[in-house]
Protein chains: 2
Amino acid sequence: MTIQKLFANFDNYLPLDEQERDDLSKRVVERRIKRRQFILQENDICRHYTFVAEGCFRKFQVDKKGVEHNLQFAAENDRPAARWIMEIDSFYAEKPSRVYIEAIEPSVILQISKPDLLHLFMHNPKFDRNFRVIIENRFVELENRVLQAISSTAEERYVTFLDQYPNLSQRLPNTQIASYLGITPEFLSKIRKEISKKQVNP
Amino acid sequence: MTIQKLFANFDNYLPLDEQERDDLSKRVVERRIKRRQFILQENDICRHYTFVAEGCFRKFQVDKKGVEHNLQFAAENDRPAARWIMEIDSFYAEKPSRVYIEAIEPSVILQISKPDLLHLFMHNPKFDRNFRVIIENRFVELENRVLQAISSTAEERYVTFLDQYPNLSQRLPNTQIASYLGITPEFLSKIRKEISKKQVNP
DNA sequence: AGCAACCCTTAAAGAAGGTTAAGAAATACC
DNA sequence: GGTATTTCTTAACCTTCTTTAAGGGTTGCT
């Protein structure tokens, strides 16, 4: 069952006991999402924390020129903390979202609303702690990404991406990876050619 | 007194009552730090959460070529969440730090060790919640920075920095700002010239 | 006050990455 | 299973940013 995947996700942090699993499952809603469907659009308020049980999502922002920039991927079988997706700022402050969250594949998600999450936080510190650790892990990843962005060339960033997220590298189109790395698809194509040249001719 | 600045910092989140202030102050250590002094070096384990009461710090990583890359500034009078500085990964996992944290100005800090912080988390959920919110705020900032890095030119990033952190812009040397933006000091110099040209000649 | 260390700027050459356009290959969907 | 859409690649040209080198200005420290 889908909820088991959520329980298993918490096993990476402070595992939940029977009582806590029960509390959590009562406050979670399962949804099936089609490819290309949005679960959050710009100017909407982000009303849920979303856990990706199956499939894959991307979070992106659109600039003044209409170009999309991928901020995050969240996929099944990805690192535990990266299976959570939301706009945290919009969620807590209840202000309009600046990002979109879109399914890249047909997906199944579990969502928790803000009132339900706050209820869990209030009644059991373990939830507070678990979600703090999830954010902390995501924070570490983001800081690594900032470091990469300010210190490495596009080729280095791409190689690191392949190495760090082999799962994502295979299921995502290169256009989406390019957007995540902050380069054009054309330039990524050039990089890929360079890399394959190096591997044939060492 | 120095500790008052820490209490005031928490007033931005869930303010502490008398009892909680007392608990906190017993678990905090004040230190005076000279300019250029390190409070964390590469391969050391980060043993404290640090609150900047006076002065200014930078967190940076050194690449294989020996070039330094600034990941964070933490200064008095800066945004509340940005007055906390640590390497979260090293702190929780007790693994060697990959970053340095160095005082840019003579400073006064308040530090909490991991055992003390965990004690606070255990005995009062308000601390857990406050530190979760601090991390969440830092998370939002970091995501904005990633977006800037993948979507904007160096000039746009610099202008945003001036706008967003007027306080930091004035107290930091341009070399440090360039390192934070991910460009060379020479190119920042060129950008500054371009900008001043535009303002004289619209 | 004076010297060393740091900081800022300029400029020329070159590398990294973007833009435009167009065709070929793969994939989704009915 | 076939067509429309998306995706990937190539190449020529252009912009952004780095490298190297050098000179002048500030700042910190004792």
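Quick note on labels: first sequence line is chain A, next is B, and so on, each numbered from 1. Both backbone and side-chain heavy atoms feed into the values below; hydrogens, waters and symmetry mates do not.
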message: Under the ring pair (Phe, Tyr, Trp, His ring centres under 6.0 Å) definition, can you give me all pairs with a residue in residues 172-198 of chain B, not counting sequence neighbours?
response: B/Phe73-B/Tyr180, B/Phe161-B/Tyr180
- prompt: Pick one: which of B/Gln176, B/Arg58, B/Gln61 meets side-chain hydrogen bond (donor to acceptor under 3.5 Å, both in side chains) with B/Glu68?
  reply: B/Arg58
- request: Measure the distance from CD on A/Glu156 to P on C/dA15 and round it to the nearest whole Å.
  value: 16 Å
- prompt: What's the verdict on side-chain contact (heavy atoms from CB on, under 4.5 Å) for A/Leu172 and A/Cys56, showing C-alpha distance, side-chain angles and the deciding distance?
  reply: CA-CA 9 Å; A/Leu172 295 171; A/Cys56 181; 4.1 Å; yes
message: The criterion is ring pair (Phe, Tyr, Trp, His ring centres under 6.0 Å); which residues satisfy it with B/Phe51, sequence neighbours excluded?
response: B/Trp84
- prompt: Can you find a side-chain donor-acceptor pair between A/Gln148 and A/Asn144 that sits under 3.5 Å?
  reply: no
message: Distance check needed: C/dT9 P versus B/Leu188 CG, whole Å only.
response: 8 Å
statement: In 5'-to-3' order, the base (B), backbone-only (S) or no-contact (-) status of each nucleotide in nucleotides 24-30 of chain C, using a 4.0 angstrom heavy-atom cut-off, is ----SS-
message: Tell me the closest heavy-atom pair linking B/Arg171 and B/Glu76, and the distance in Å.
response: NH1-O, 2.8 Å
Angle by which the axis turns from one end of the helix from C/dC8-D/dG23 to C/dC30-D/dG1 to the other, five pairs per end, to 10 degrees: 60°
query: How long is the span from the OG1 atom in B/Thr50 to the CE atom in B/Met86, to the nearest 0.5 Å?
result: 9.0 Å
task: Kindly state which residues belonging to residues 169-177 of chain B come within less than 4.0 angstrom of DNA chain C, counting heavy atoms of the residue only, listed by number.
output: B/Pro173, B/Asn174, B/Thr175
task: Classify the side-chain pair B/Asn137/B/Glu141 by whether it contains a donor and acceptor separated by less than 3.5 Å.
output: no
message: Under the side-chain hydrogen bond (donor to acceptor under 3.5 Å, both in side chains) definition, can you give me all pairs with a residue in residues 37-48 of chain B, not counting sequence neighbours?
response: B/Glu42-B/Tyr100
Could you list, one pair per line, each protein nitrogen or oxygen that sits under 3.5 Å from a nitrogen or oxygen of nucleotides 17-19 of chain C, together with the distance?
residue, atom, partner, partner atom, Å
C/dG17, OP1, A/Ala154, N, 2.9
C/dG18, OP2, A/Thr184, N, 3.4

- prompt: What distance separates B/Tyr92 OH from B/Leu117 CG, expressed to the nearest 0.5 Å?
  reply: 5.0 Å
- request: Could you pull out all residues at least two apart from A/Arg157 that satisfy side-chain hydrogen bond (donor to acceptor under 3.5 Å, both in side chains)?
  value: none
- request: Answer yes when B/Asp128 and B/Arg132 have at least one side-chain N-carboxylate O distance shorter than 4.0 Å, and no when they do not.
  value: no
query: Going by an N to O cut-off under 4.0 Å, is there a salt bridge joining A/Lys59 and B/Glu143?
result: yes
message: Would you compute the distance between atom CD1 of B/Ile85 and atom OH of B/Tyr49 and round it to the nearest 0.5 angstrom?
response: 12.5 Å
Contact interval (first through last nucleotide) of DNA chain D with protein chain A, 4.0 Å heavy-atom: D/dT6 to D/dA11
- request: Starting from the C-alpha separation in whole Å, work towards a yes-or-no answer on side-chain hydrogen bond (donor to acceptor under 3.5 Å, both in side chains) for B/Asn12 and B/Arg79.
  value: CA-CA 10 Å; B/Asn12 293 288; B/Arg79 307 130 290 154; over 6 Å; no
- request: Scan residues 55-64 of chain B against DNA chain D and write down, sorted by residue number, each residue with any heavy atom closer than 4.0 Å; if none is found, say none.
  value: none
All pairs passing ring pair (Phe, Tyr, Trp, His ring centres under 6.0 Å) where residues 8-35 of chain A contributes a residue, at least two apart: A/Phe10-A/Phe131
query: Does anything in residues 181-193 of chain A pair up under side-chain hydrogen bond (donor to acceptor under 3.5 Å, both in side chains), and if so which pairs, sequence neighbours excluded?
result: A/Tyr158-A/Arg192
